[in-house]
Every structure is written in C-alpha cells, then in structure tokens.
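Start at 1 with the first residue, then count along the sequence. Because the structure is a prediction, the values reported are computed rather than measured.
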Amino acid sequence: MIPQLEFGFSMAIDFSHDIQVPVTNHPSARQEYSVIDEFIIKHCKSGALLGPYKENPFPVPVFPSPMQVVTSSSGKQRPVIDMSYPKYHSVNSAIPKQWNEIPGFEGVFKLPTHDDVCKAILRTSDPRMFLVDLKSYYMQLPSDWRDTPYMCIVWRGNLYLHRRLPFGARTSCLHAQRVTDAIVLIFTCLVPPASLSGYVDDFCSIVTSIISVSAYGRFNALLDELGLWRTLEKCISPALVAVFLGLLYHLRDMYMALPDDKLARAVALMKQWLEKETCSKSQLQSLLGHLNHIATVLHAARPFTSSIVDLLREDTFPAEVTVDIKQDIEMWLSFLDSQWSRKCIIKSQDLATPDELLRIAVRNRTFVIYCDGQLQGYVLHDSEQNLPPHAMCAVAVWVAVREHGDLFVNQVVKITVPYKAAVLLLNRARTNCTFIRKMIREMWLAQARLDCVVKAVLSPCKNNDMYDMFHDFQPVKLPH
C-alpha cells in the first residue's frame with residue numbers, strides 16, 4: 001500500500017467505456033448552494049481540490065460529475081459527487097462492481113460487524129470501549145493522477161479537479177477500508193491485548209480497564225504520527241457505555257440495544273410504509289437497509305424481510321407495496337413495541353450444546369428427531385406437497401422447536417444438516433416457498449420467546465447413521 005499512498009489509489013476506471021455525463025448539477029445542489037460553496041472553499045484550502053479553472057487544463061477531455069446535497073438521518077447536509085449518473089454512462093459504470101475484478105487488488109474485503117465487537121467484548125476481562133472518528137477521511141487519501149479527468153466537478157462555471165478519493169466513487173470505500181485495516185494491524189501489534197475494529201472512518205477498541213487509558217492515548221498518537229485528522233467531538237475516551245455504528249453498547253450489563261432516537265425513527269418510518277401504495281427501488285432498498293440494521297438486535301425479526309427481497313428481485317419499479325410487505329412491517333412493529341426491542345444480550349455464540357440434545361435425519365417424506373434421549377419419527381400428510389431434502393430438514397427443526405422448545409431455553413442449539421441449502425434456509429430464511437417461509441418465521445418467533453438460538457451447521461459427510469440404527473422405526477403421520 002505504500003506506493004499507492006505515495007502516488008495515489010487507482011479508481012480502476014475502464015477508459016474505453018462510453019462515459020457521457022451532463023454538465024449541469026442536480027437541483028438539490030442548486031437549492032443548497034451554500035453547502036457546495038463551503039465544500040469547495042474548505043477543500044481547495046486543504047489541497048484536496050484544484051481550481052478554479054476557466055478551461056480544461058488537460059490535453060484530453062474531462063468528465064465532470066453532477067453535485068448533489070443529501071441530508072443524513074441526523075439532519076446534517078452533506079455534498080456528494082453523483083458519479084453514478086447517468087445510468088450506464090456514468091463514471092461508476094466504468095468501474096468494476098466486484099472488488100475481485102479490480103486489477104492489482106489482492107486479499108479479502110470484509111467490513112467488521114457487530115458480531116466481531118461482541119466477540120471482542122466476551123474475550124476481554126473487565127472491558128472498556130473507546131471510539132475514534134476520522135474527519136473527512138476520503139479527502140485525506142490521495143487518488144491516482146491518471147484518474148483526475150474523470151474526478152472533477154463544475155460549479156459556478158468553473159472546473160475543479162479532485163486529488164483525493166471522492167465521496168461517490170465506487171472504489172473509494174474499498175481503498176479507505178484497506179488503509180483502515182492497515183491501521184488496525186499496526187495498532188494491534190503495538191498494543192497486543194487490545195482489540196480494534198475499523199469500519200471505514202470509525203474505530204472501536206475493546207480493551208481491559210487496566211490499560212484502557214494508555215491504549216487510547218497510544219492510538220491517538222499513532223493517528224498523529226500517520227497524519228490523519230480526527231473529529232474530536234465524536235471521539236469517546238474509555239467508557240462502559242457508548243454508541244458504535246448506530247447501536248448502544250452497555251458493557252456493565254452486557255447488552256446492546258437500539259438508541260431511543262433510532263427506535264423512534266424506525267417506528268415512524270414503518271408507519272409511513274403502511275400508508276404507502278407504491279414505491280421506488282431506492283426507497284425499498286433504504287427500507288431493507290434499516291430493517292437489516294435493526295435485525296442486529298432483533299434476530300428473530302430477520303425472516304420478515306423476505307417479501308421485500310422478493311419484490312427487489314423482480315426489479316419492476318415503480319412497484320406496488322404488496323399486502324405481504326405490509327403484513328411483514330406490522331410484524332416488525334409488534335417486535336419494536338415489545339421488550340425484545342430494548343436489548344440484545346451479548347452472549348457467546350459458541351456451539352456449547354452437545355449434538356445429543358437434538359439430531360435430525362430426513363429421507364423422502366419422512367424425518368426422525370432425536371431429542372433429549374427420545375426418538376420420534378414423522379411422515380408428511382398424503383395431501384402435502386413433496387418437499388426437497390433441505391426443506392424437510394427445516395420441517396424437522398420446526399417440529400422439534402414446537403414439541404421440545406422448553407429444553408432449548410437460554411441455549412445455543414447446534415443442528416448438523418447434510419445440505420448447504422438447509423443451512424441457508426434455517427439460519428437466513430432463504431426460500432421462495434410460501435409454506436416454508438411461514439414455517440421458518442414461526443420457528444424464529446419461538447426462538448425469540450424461548451431466548452434461544454437454533455444454529456444449523458453443515459455436516460462433513462452426507463451419510464447419516466440414524467436410519468441404520470432405527471431401520472424398523474414406524475413414523476407418525478403429521479397432520480395436514
């Protein structure tokens with residue numbers, strides 16, 4: 001990464017792509033012109049923008065992208081370069097969509113999750129959390145000079161050139177995260193007991209209370225040494241309670257929850273959707289993003305996004321807000337009105353429950369459940385449809401949770417299944433079958449009621465000896 005920090009990060013633009021960008025800016029930029037003025041003055045002083053130029057300073061054409069102003073959930077107005085406009089002929093359309101298609105990129109691109117933070121909390125004795133936020137992070141990282149004609153804007157008749165990663169380019173987040181990962185690696189080498197997670201420009205460290213103050217000071221000294229600016233008002237020294245990536249962490253009582261303001265905004269958003277008749281693709285994607293974020297705390301509500309995903313897959317917009325979507329939103333509202341919305345206990349997700357508590361086997365229309373030393377077999381009703389093997393696994397788990405749920409209270413129950421599709425079905429509710437989807441939803445509601453986690457893992461082999469052991473077992477016919 002040192003050559004890229006010295007000479008700039010490449011945007012991986014395909015220069016042969018047919019790029020046709022308009023010269024005019026979006027209406028939001030013209031309406032909130034003072035925000036754009038402030039942005040240009042600020043970054044021209046810092047050297048992130050070059051200009052103004054009355055004419056093109058290059059011997060090759062330039063492709064200025066339109067400016068727009070977006071308002072965040074906190075009400076702050078942010079200028080953005082819309083490098084995805086117009087569709088199919090924008091600068092972003094000339095950049096590969098997948099990170100592994102970018103020339104010269106090696107490694108795995110993975111953003112940290114709340115599960116990573118929870119794991120760090122669980123393995124730290126008397127944990128404390130400190131947060132650091134980097135200021136205008138993209139504008140601190142240089143871009144490749146060869147991409148400059150494609151990263152420019154026009155404002156008040158003048159041309160301005162970007163010399164930093166623009167907030168709007170498809171690869172900016174990727175390069176920024178790579179630098180963040182390097183900072184995490186350096187810090188964990190300097191302070192081995194500490195755990196650091198970096199999500200682009202947000203850093204969260206979990207460290208034991210004994211060295212928390214010194215670790216916080218060492219991390220700030222590291223950022224000073226690297227020449228990175230910080231947003232001081234957003235930095236939090238070691239504490240027991242802090243908000244990271246939109247969730248409240250309480251280390252004394254070991255739980256995470258939605259902050260009250262986010263909870264109120266989520267309820268208001270869902271009530272608005274109950275009144276909607278039609279929606280655009282971007283509105284539906286925004287709703288799905290909100291629900292997936294809330295599902296970090298409300299695990300049992302995650303299956304109730306399947307109707308939204310189905311509509312997005314159809315990709316015919318504007319689309320009608322279906323009855324299924326509104327019923328799913330009503331279910332989300334019932335979750336948010338319950339005690340489940342208040343907190344999610346930070347507990348180990350290790351599969352501590354032995355396999356002997358629950359084992360299943362499926363064959364054709366028959367499945368066997370071995371639970372708490374007892375064996376029960378079932379066969380589908382004659383009038384029921386033939387289900388694929390992975391769906392039969394889901395039926396078996398559904399019956400087990402209904403019949404033996406009291407055994408699973410406050411436990412993480414591992415179920416070994418022989419099909420990868422069954423793992424995705426049980427853990428993520430991925431299915432196009434309405435019957436199976438409703439069944440999985442009921443199973444997740446039971447997990448929430450029992451405060452347990454039923455986790456499916458892939459078996460190393462497809463052979464299951466349960467039928468060899470009980471070949472003469474007579475199964476019970478399930479009611480329709």
Side-chain angles (χ1 to χ4, degrees), residues 26-28 66 68-78 80-90 92-93 95 97-98 111 113-114 167-170 173 199 245-247 258 261-337 341 424-425 427-438 440-441 444-445:
H26 289 309
S28 60
Q68 64 178 347
V69 176
V70 298
T71 303
S72 65
S73 57
S74 61
K76 182 180 178 181
Q77 292 179 320
R78 172 177 290 183
V80 177
I81 305 176
D82 188 3
M83 302 181 74
S84 297
Y85 183 86
K87 192 175 182 180
Y88 305 121
H89 297 285
S90 65
N92 274 344
S93 64
I95 300 175
K97 290 185 178 181
Q98 303 297 330
L111 291 169
T113 64
H114 288 284
F167 189 83
R170 179 172 286 161
C173 178
Y199 192 99
L245 298 181
L247 290 185
L258 283 173
D261 57 337
K262 281 189 173 291
L263 183 61
R265 288 200 299 268
V267 172
L269 175 66
M270 293 180 199
K271 289 181 178 179
Q272 291 176 5
W273 272 86
L274 291 178
E275 304 298 327
K276 274 182 174 289
E277 298 298 330
T278 60
C279 65
S280 65
K281 184 176 182 178
S282 60
Q283 289 174 334
L284 200 62
Q285 288 173 331
S286 176
L287 174 64
L288 182 61
H290 279 87
L291 297 182
N292 283 334
H293 177 70
I294 299 172
T296 308
V297 176
L298 295 174
H299 300 291
R302 191 180 297 277
F304 297 91
T305 59
S306 54
S307 59
I308 300 175
V309 175
D310 291 342
L311 186 57
L312 284 171
R313 285 173 178 167
E314 294 178 6
D315 200 18
T316 54
F317 292 93
E320 179 186 359
V321 180
T322 62
V323 175
D324 288 340
I325 290 179
K326 291 187 177 183
Q327 289 178 347
D328 280 354
I329 292 175
E330 289 175 351
M331 183 59 69
W332 275 88
L333 286 171
S334 66
F335 272 105
L336 292 175
D337 289 338
S341 66
L424 296 175
L425 179 58
N427 294 344
R428 303 184 186 180
R430 290 189 178 179
T431 177
N432 294 324
C433 176
T434 304
F435 162 69
I436 298 296
R437 185 184 301 152
K438 291 180 178 179
I440 293 295
R441 289 175 178 177
W444 280 60
L445 285 171

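- Using a 4.5 Å heavy-atom cutoff, the side chains of His26 and Tyr85 are in contact.
- Pairing each heavy atom of Ala319 with each of Leu311, the nearest pair is CB-CD1, 4.0 Å.
- Under the 4.5 Å side-chain criterion, counting only non-hydrogen atoms from C-beta, Val297 is not in contact with His114.
- Scanning for salt bridge (Lys or Arg N to Asp or Glu O under 4.0 Å) contacts around Lys271 gives an empty result, with sequence neighbours left out.
- Between Leu312 and Phe317 the shortest side-chain heavy-atom distance falls below 4.5 Å.
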message = side chain to side chain contact (heavy atoms under 4.5 Å, CB included) for Val69 and Val80? Distances and angles first, verdict last.
response = CA-CA 6 Å; Val69 176; Val80 177; over 6 Å; no

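- Of all the heavy atoms in Ile329 and Leu274, the pair that sits closest is CG2-CD2, 3.9 Å.
- By the 4.0 Å N-to-carboxylate-O rule, Glu275 lies too far from Lys326 to be salt-bridged with it.
- At distances below 3.5 Å, not a single donor-acceptor pair connects side-chain atoms of Ser90 with backbone N or O atoms of Lys87.
- Note that OG1 of Thr316 is 10.0 Å distant from NZ of Lys281, once rounded to the nearest 0.5 Å.
- Contact check for Ile325 versus Lys276: no side-chain heavy atoms found under the 4.5 Å cut-off.
- Within the 4.5 Å cutoff, the side chain of Lys97 has heavy atoms near those of the Arg170 side chain.
- The two atoms that bring Phe304 and Trp332 nearest to each other are O-NE1, 3.1 Å, heavy atoms only.
- For Asn92 (side chain) and Gly168 (main-chain N/O), a donor-acceptor pair under 3.5 Å exists by modelled atom type.
- For Ser307 against Asp324, the heavy-atom pair with the smallest separation is OG-O, 3.7 Å.
- With Ser286 contributing its side chain and Gln283 its backbone, the two residues share no donor-acceptor pair below 3.5 Å.
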inquiry  = Before you tell me yes or no, could you show the steps for Leu245 and Thr296 under side chain to side chain contact (heavy atoms under 4.5 Å, CB included), namely the whole-Å CA-CA distance, both residues' side-chain angles and the distance that decides it to 0.1 Å?
reply    = CA-CA 11 Å; Leu245 298 181; Thr296 308; over 6 Å; no

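- Applying the side-chain hydrogen bond (donor to acceptor under 3.5 Å, both in side chains) criterion to Thr278, with sequence neighbours excluded, gives no partner residue.
- With rounding to the nearest 0.5 angstrom, the NE2 atom of His290 is 7.5 Å from the CZ atom of Arg265.
- One finds the CH2 atom of Trp273 at 7.0 Å from the CD1 atom of Ile308 (value rounded to the nearest 0.5 Å).
- The shortest distance between side-chain heavy atoms of Asp328 and Thr305 does not fall below 4.5 Å.
- Heavy atoms only, all atoms of each residue included: His293 and Gly246 are closest at NE2-O, 3.6 Å.
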